[in-house]
Amino acid sequence: MPQPWQDTSLSAEDRAAALLSSMTLEEKLAQLAGVWPGSEAEEGEDVAPLQHEVSEAVDLDGLLPHGVGQLTRPFGTTPVEPAEGAAALARLQTRIAAGNRFGIPALAHEECLTGFFAWRATVFPTPLAWGASFDPALVGRAAELIGGSLRSAGIHQGLAPVLDVVRDARWGRTEESIGEDPYLVATIGTAYVRGLESVGIVATLKHFAGYSASRGGRNHAPVSIGPRELADVILPPFELAVRDGGARSVMHSYNDIDGVPSAANPWLLTELLRDTWGFTGTVVADYFGVSFLELAHRVAATRGDAAGLALAAGVDVELPAVRCFGTPLRNAVRAGEVDEALVDRAALRVLRQKCELGLLDADWSPMPSAPAEPAEAAESVESAGRVGLDLDPPGMRAVARELAEESVVLLADDGDVLPLAPDARIAVVGPLADDPAAMLGCYTFPRHVGVEHPELPLGIEVPTLLAALRGELPGARVTHAEGCAAPGPDGSTGDPGAATSAGAAALTAESRLAQAARTAADADVCVAVLGDRSGLFGRGTSGEGCDAADLELPGDQGALLDTLVATGTPVVLVLFTGRPYALGRWSRLLAATVQAFFPGEEGGPAVAGVLSGRVNPSGRLPVSVPYASGGQPWTYAQPPLGLRGDSSSIDPTPLFPFGHGLSYTSFAWERPEADAAEVPTDGETSVRLTVRNTGDRAGTEVVQLYLHDPVARIARPVSRLIGYARVPLRPGESAEVHFTFHADLASYPLRADGTRVVEPGTLELRLASSSADSGVRHTVPLTLTGPERTVDHRRRMVCETRVK
């Protein structure tokens with residue numbers, strides 16, 4: 001007869017409570033921490049902060065009698081064939097469940113920022129590319145596929161998306177973020193959450209909160225931010241993903257805000273997240289984040305103190321492995337220093353989530369509940385390992401290709417070179433032209449783990465731009481030269497063991513430049529392929545812990561671009577990067593500029609398609625591209641004093657603004673109409689705009705809606721995004737775009753406690769092709785009437801949009 005916690009006729013809350021009441025303190029604590037098998041045995045560089053300094057040997061046999069809460073990165077720690085990994089995970093889960101008296105398996109989590117973080121799995125574009133697509137529906141479809149692949153291998157929780165709004169592009173993790181605008185981050189990120197959750201994967205929002213606003217763009221640095229900026233910029237993406245996305249997990253950030261570390265902040269993790277927003281899932285620690293309260297923030301003297309602070313604040317699960325929530329926390333509870341009720345609170349949340357995932361059901365099986373082809377025929381652990389598991393099927397590659405194509409941004413085009421002539425003599429020059437790494441961000445398996453295994457093949461096909469362009473234009477004569485060393489923190493490739501001696505590097509640099517100049521001079525057009533090489537903790541030019549001193553092109557790439565321009569051959573600059581770089585010095589010298597943000601395994605063909613004209617570019621900038629490296633940090637949503645003015649010698653105006661992007665066709669925007677010119681402070685109105693493709697090829701326009709509030713009681717951004725729509729049109733075709741503007745979208749945090757108000761007065765809606773004044777096509781004046789309203793997390797946060 002099933003135990004009460006196995007009775008599926010009861011609610012998850014009741015089942016979890018019944019199980020909790022039967023558990024010892026040690027058994028409850030076991031559910032509050034992860035185990036990272038194999039991490040301590042892995043040699044080489046860290047893949048998590050202080051991994052080898054903080055990690056300790058795992059005594060799995062000693063842990064089993066009490067149980068195991070989570071399994072950390074069973075696929076993303078070492079290379080493993082997918083089917084073998086799934087079989088090994090199933091065997092381990094069987095062992096874990098058999099080892100404790102309640103038969104509770106672990107909850108397995110994995111990274112999934114650019115797809116399933118596993119060898120041989122599809123690598124999708126990085127989140128900054130999601131933002132460039134301005135396409136929540138497609139991002140949600142990608143997330144659904146990613147979630148399905150996770151589930152097919154026995155994973156329950158995905159550590160994504162990153163909802164940190166970019167505040168300083170020098171920050172290395174800019175590539176992991178969706179953009180500099182909170183509305184874009186909120187809507188794209190929430191779509192990703194919905195996609196994961198729709199197939200039963202627990203989505204984990206990170207990093208809560210303020211991580212991207214670190215001082216100087218330095219990873220893990222303190223955050224100096226006011227409560228209104230926190231409420232207006234940093235928190236809304238998390239708020240929407242919890243409320244509308246249904247996210248079931250949140251990961252605290254490493255940083256402190258005004259001296260209070262997020263992992264020890266009860267206002268953030270309990271009062272706001274749970275009591276105000278109504279979040280009912282689990283709060284998990286960023287890796288070693290609980291230990292950092294003792295070792296880095298120094299707000300705790302011992303492991304037990306750190307555990308007590310985190311638990312009281314609202315952290316439920318210590319990841320990636322038990323260090324503080326085990327014996328140190330048990331001893332603190334036994335000594336009366338930590339209330340056992342806090343342990344019960346966290347354990348109940350964990351058990352409730354395991355119940356929701358079916359892990360407490362009487363008929364639970366270690367085999368994945370919804371395996372993908374062709375492993376669905378497997379009926380046992382052993383047969384699963386023999387059948388195989390395809391984590392990079394054609395359907396996933398197709399969506400990765402579509403997302404990559406939509407994310408490519410045509411920044412500039414003089415109209416004379418692009419699309420490339422099919423019979424042109426094309427010099428493809430640059431250190432990233434024939435390098436698969438150009439497509440891959442730091443949270444892809446090849447760049448995160450694979451670099452530690454140089455003998456390992458990529459496991460997936462990643463066409464380079466050079467190869468893709470030759471395939472795209474078979475009638476063209478395509479030549480190639482590197483031009484300079486691949487970007488790295490020291491001018492090397494950025495990969496272990498790849499640096500050369502200083503003398504050899506100098507000779508190589510001189511000869512490479514000369515060869516590049518000859519190759520370009522002998523061509524009709526030169527395609528310069530430059531950008532970043534992703535890595536971790538200083539082992540790349542972009543990625544976690546790879547923060548930039550400035551926004552100049554890394555290494556010798558600026559000098560190479562100067563050399564190519566000097567040949568007189570028209571130069572098309574193609575950038576594969578994890579952040580924007582200052583391009584002002586070449587703004588009038590290039591024939592065209594194409595930006596791709598680590599576009600994934602299909603990024604080479606996607607960019608080649610844009611260069612050939614097969615793909616009409618529709619990407620828009622999720623981050624501003626600066627003219628010069630100075631004046632940072634800067635984002636577009638500035639109050640008047642944040643813009644160019646006579647009071648400073650620094651002009652922060654970007655070369656290409658947020659939302660900018662060109663097309664190979666042209667569009668006409670007819671004058672919009674609004675249902676009403678006056679709207680109550682609790683009302684709404686509809687704005688309609690007709691867009692027509694006036695060119696000779698199919699294309700997609702991205703209509704953006706910005707709000708301008710001329711007068712407010714606190715300094716407000718001159719303009720901020722509140723809606724957008726992708727409008728695909730054939731030549732001569734038109735479509736009507738409807739935006740439903742609710743007065744709640746004009747709310748702002750008036751008081752320091754984050755209280756938001758909607759006040760009566762004059763507003764202006766700006767229909768625009770970018771955030772710059774020059775991008776505004778039409779304005780719609782509105783007046784809000786009636787009393788001032790106070791709004792909370794139940795306010796309207798999304799502008800409903802329809803295209804018909």
Side-chain angles (χ1 to χ4, degrees), residues 169 408-414 416-418 420 424-435 437-438 464-466 469 478-489 491-494 505-506 508-533 541-542 548-598 607 610-611 621 625-630 654-656:
V408 178
V409 185
L410 179 60
L411 295 179
D413 181 17
D414 65 9
D416 295 332
V417 173
L418 292 184
L420 297 173
R425 297 177 301 158
I426 306 169
V428 181
V429 179
L432 300 180
D434 198 27
D435 187 353
T464 67
L465 179 58
L466 178 64
L469 199 55
V478 179
T479 55
H480 171 239
E482 275 192 332
C484 67
S492 71
T493 64
T508 301
E510 183 178 349
S511 61
R512 282 173 170 167
L513 275 177
Q515 182 190 28
R518 290 193 299 270
T519 303
D522 192 35
D524 299 323
V525 60
C526 175
V527 177
V529 189
L530 310 178
D532 280 314
R533 198 81 174 276
T541 60
S542 174
D550 56 44
L551 294 180
E552 298 293 342
L553 284 173
D556 296 329
Q557 294 180 102
L560 172 60
L561 191 53
D562 289 337
T563 298
L564 298 176
V565 167
T567 66
T569 299
V571 175
V572 175
L573 173 61
V574 173
L575 291 167
F576 291 109
T577 69
R579 63 165 64 85
Y581 284 103
L583 303 176
R585 105 187 199 206
W586 301 286
S587 62
R588 300 180 184 276
L589 304 175
L590 300 171
T593 304
V594 175
Q595 172 71 63
F597 296 107
F598 289 139
V607 173
V610 168
L611 296 177
L621 281 176
V625 172
Y627 184 93
S629 189
L655 177 62
F656 301 112

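Numbering starts at 1 and runs along the sequence shown. Note that these values count all heavy atoms, side chains included, but never hydrogens, waters or copies made by symmetry.
The closest donor-acceptor contact from the side chain of Thr541 to the backbone of Arg533 lies under 3.5 Å. A donor-acceptor pair under 3.5 Å is absent between the side-chain atoms of Asp434 and the main chain of Leu466, judged by distance alone. Using a distance-only test at 3.5 Å, with no hydrogens or angles considered, no donor-acceptor pair links the side chain of Glu552 to the main chain of Ala582.
Within the 4.5 Å cutoff, the side chain of Leu575 has heavy atoms near those of the Leu583 side chain. With a 4.5 Å cut-off on side-chain heavy atoms, Val607 and Phe576 count as touching. Here the side chains of Leu530 and Leu432 are not in contact, with every heavy-atom distance at 4.5 Å or above. Put simply, the side chain of Val409 does not reach to within 4.5 Å of the side chain of Val594, judged on heavy atoms. Proximity of Ser542 to Phe598: side-chain heavy atoms (C-beta onward) are separated by under 4.5 Å at one or more points. Side-chain contact between Asp524 and Thr569 is absent, with no heavy-atom pair separated by less than 4.5 Å.
To the nearest 0.5 angstrom, Leu589 atom CG is 7.0 Å from Ser587 atom OG. How far OH of Tyr581 is from CG of Leu551: 7.5 Å, rounded to the nearest 0.5 Å. With rounding to the nearest 0.5 angstrom, the CG atom of Leu418 is 9.5 Å from the OG1 atom of Thr593. The distance from atom CG of Leu655 to atom CH2 of Trp586, rounded to the nearest 0.5 Å, is 11.0 Å. One distance of note links OG1 of Thr519 with CZ of Arg425; it measures 12.0 Å at 0.5 Å rounding. Rounded to the nearest 0.5 angstrom, Thr479 OG1 and Asp522 CG are separated by 7.0 Å.
Residue Leu513 comes nearest to Ala559 through the heavy atom pair CD2-O, 4.4 Å, listed as atom of the first residue, atom of the second, then distance. Listed here is the closest heavy atom pair of Thr464 and Asp435: CG2-N, 3.5 Å. Nearest approach of Thr563 to Ala517, heavy atoms of both residues: CG2-CB, 3.9 Å. Shown here for Val428 and Ala433, the closest heavy-atom pair between the two residues is CG1-CB, 3.6 Å. Contact detail for Pro431 and Leu560: the closest heavy-atom pair is CD-CD2, 4.1 Å. Asp532 approaches Pro554 most closely through the heavy-atom pair OD1-CG, 3.6 Å.
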Give the C-alpha distance, both sets of side-chain angles, the deciding distance and a yes or no for side-chain contact (heavy atoms from CB on, under 4.5 Å) between Val527 and Val429. CA-CA 6 Å; Val527 177; Val429 179; over 6 Å; no

Given the rule in the side-chain contact (heavy atoms from CB on, under 4.5 Å) test, do Leu590 and Leu561 qualify, once you have shown the distances and angles that lead to the verdict? CA-CA 10 Å; Leu590 300 171; Leu561 191 53; 4.1 Å; yes

Sequence neighbours left out, cut at 3.5 Å: what donor-acceptor pairs do the side chains of residues 480-488 make with other protein atoms?
| from | atom 1 | to | atom 2 | distance (Å) |
| --- | --- | --- | --- | --- |
| Glu482 | OE1 | Arg512 | NE | 3.3 |
| Glu482 | OE1 | Arg512 | NH2 | 3.3 |

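The side-chain hydrogen bond (donor to acceptor under 3.5 Å, both in side chains) check on Thr577 picks up Gln595, with sequence neighbours excluded.
Evaluation of the salt bridge (Lys or Arg N to Asp or Glu O under 4.0 Å) test over residues 575-586, restricted to residues two or more places apart or in two chains, returns Asp562-Arg585.
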